[in-house]
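This report refers to the structure that appears directly beneath it.
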Amino acid sequence: MTVRFIHTADWQIGMKASGIGPVGQQVREARLDTINRVLGVAKERGINLLLITGDVFEDNAVDRFLVRKVGDKLSRFPGRVYIIPGNHDPLVPGSVWEHAVWEEASNVSVIREPEPIELDDCILYPCPLEEKYSTRNPTSWIDAGESEKIAIGLAHGNVEGLPDADPDFPIPRDAAGRAGLDFLAVGHWHSFATYPGADGAVRLAYSGTHETTKFGERDSGNVLVVEIDERGAAPKLESVPVGRLQWQTEETSLEREGALDSVLSGLNEIPAPESTLLRLRLNGLLYASDRAKLASVEEIVSTRFLYGIVDGQSLVPAPEDDSWIESLPVGPVREAAEKIREQALHASDEEKKAVATRALIQLFEMNEKNHEGE
Ligand SMILES: [Mn+2]
């Protein structure tokens, strides 16, 4: 009998989303709203099993109203929900899992013991976490080899071999095969990622977070729809986008005069600016004739998008473009400009160059403003 379920994780409800000013509130709300989209995918496809593999909440101190809201949403799901606590919201005294809503939501099970749970057509092998950090493999207790039903593990941790990852709750890449599982659903890593076994079948995967949490997070904002036809069959996986916000990083190197024109037209091609957080990085050379356009780019980025920031700190004034300095009246301002230009071009380290570059731009802008209306 075919088993179908939704695998999701790392909702991190209550995430601070600091560093993006007042938009942080909208980012927090999106994480909550996108739960509806997750449940919508299940509804559209007639799926009545939802497996949540950890870090539903940012931490155990989040506002209890948020816990109530999440519990309420899940209680209205017309199917079964199984949740394992993750390292952000581990099962400790005073945790979010002590909230009354989890008792009230009769279709929702917060799993508190690493013990098999037998359902009609499959067996779950859950690995709830009870601490923030550990070097133990949370799946090591699972022995599903003798199971006649489809065996599904739920775990939270770092699959071995992740880039830049500490050995925190390490999960071997072949953990599913070792444990005799048909599929091991894993949380913690925010990107969708699959780990094919020697036979090519994917029995271990991260669904990734339902809603992207920050700039630079690849392939997040999805849920995973999993279908397993029978015990031993290769699971069929489909990553379905559900995220509402796009976190986009664009990087452009300005190499010639007028290069900002293509940056401006590129901004016009971004499809949903009202739901996009944009980080535009500019480097290369800035020509005097492009300074006004840079101001336009900055204005558009900061007003058109949900959130936008232009990082032009590493722009260098084009070296041949110093006629404005020569046009300054002879005196201390011009001498200063010449000294700063020297620093911007030839300082011994990059940080000094960057500081001088910014100073030169400021001096240039001050000079321009002084001449406005002339
Ligand atoms: Mn985690």
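Read the numbers this way: they start at 1 and go in the same order the structure lists the ligands and their atoms. We're numbering straight along the sequence, starting at 1. Note: hydrogens, waters and symmetry copies are ignored here, and every other heavy atom, side chains too, is used.
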Check your understanding: Does the distance from a Lys or Arg side-chain N to an Asp or Glu carboxylate O, for R341 and E326, drop under 4.0 Å?
Key -> yes
Practice item. Would you mind checking if E58 and K16 are paired as a salt bridge, meaning a charged N to carboxylate O distance below 4.0 Å? Key: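 No, this pair does not count.
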Show which side-chain atoms of residues 239-250 pair as donor or acceptor with protein atoms under 3.5 Å away, not counting sequence neighbours.
| from | atom 1 | to | atom 2 | distance (Å) |
| --- | --- | --- | --- | --- |
| R244 | NH1 | D33 | OD2 | 2.7 |
| Q246 | OE1 | S275 | OG | 3.0 |
| Q246 | OE1 | T276 | OG1 | 3.3 |
| Q246 | NE2 | R244 | O | 3.3 |
| W247 | NE1 | T212 | O | 3.3 |
| Q248 | NE2 | E250 | OE2 | 2.8 |
| T249 | OG1 | R279 | NE | 3.4 |
| T249 | OG1 | R279 | NH2 | 3.1 |

Practice item. Verify the distance criterion only: is there a donor paired with an acceptor across the side chains of R76 and N36 at less than 3.5 Å? Key: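 Checked: R76/N36 side chains show no N/O donor-acceptor pair below 3.5 Å.
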Check your understanding: With no hydrogens and no angle check, do the side chains of R281 and S314 hold a donor and an acceptor under 3.5 Å apart?
Key ->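 No, because no side-chain N or O of R281 sits under 3.5 Å from a partner of the opposite role on S314.
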Point to revise | Shell of protein N/O/S atoms around the Mn ion (ligand 1), taken as anything under 2.8 Å | key: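 Result, waters dropped: D55 OD2, N87 OD1, H156 NE2, H188 ND1.
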Review point. Are any of the side-chain heavy atoms of W97 and I111 separated by less than 4.5 Å?
Key: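 Of all side-chain heavy-atom pairs linking I111 with W97, none is under 4.5 Å.
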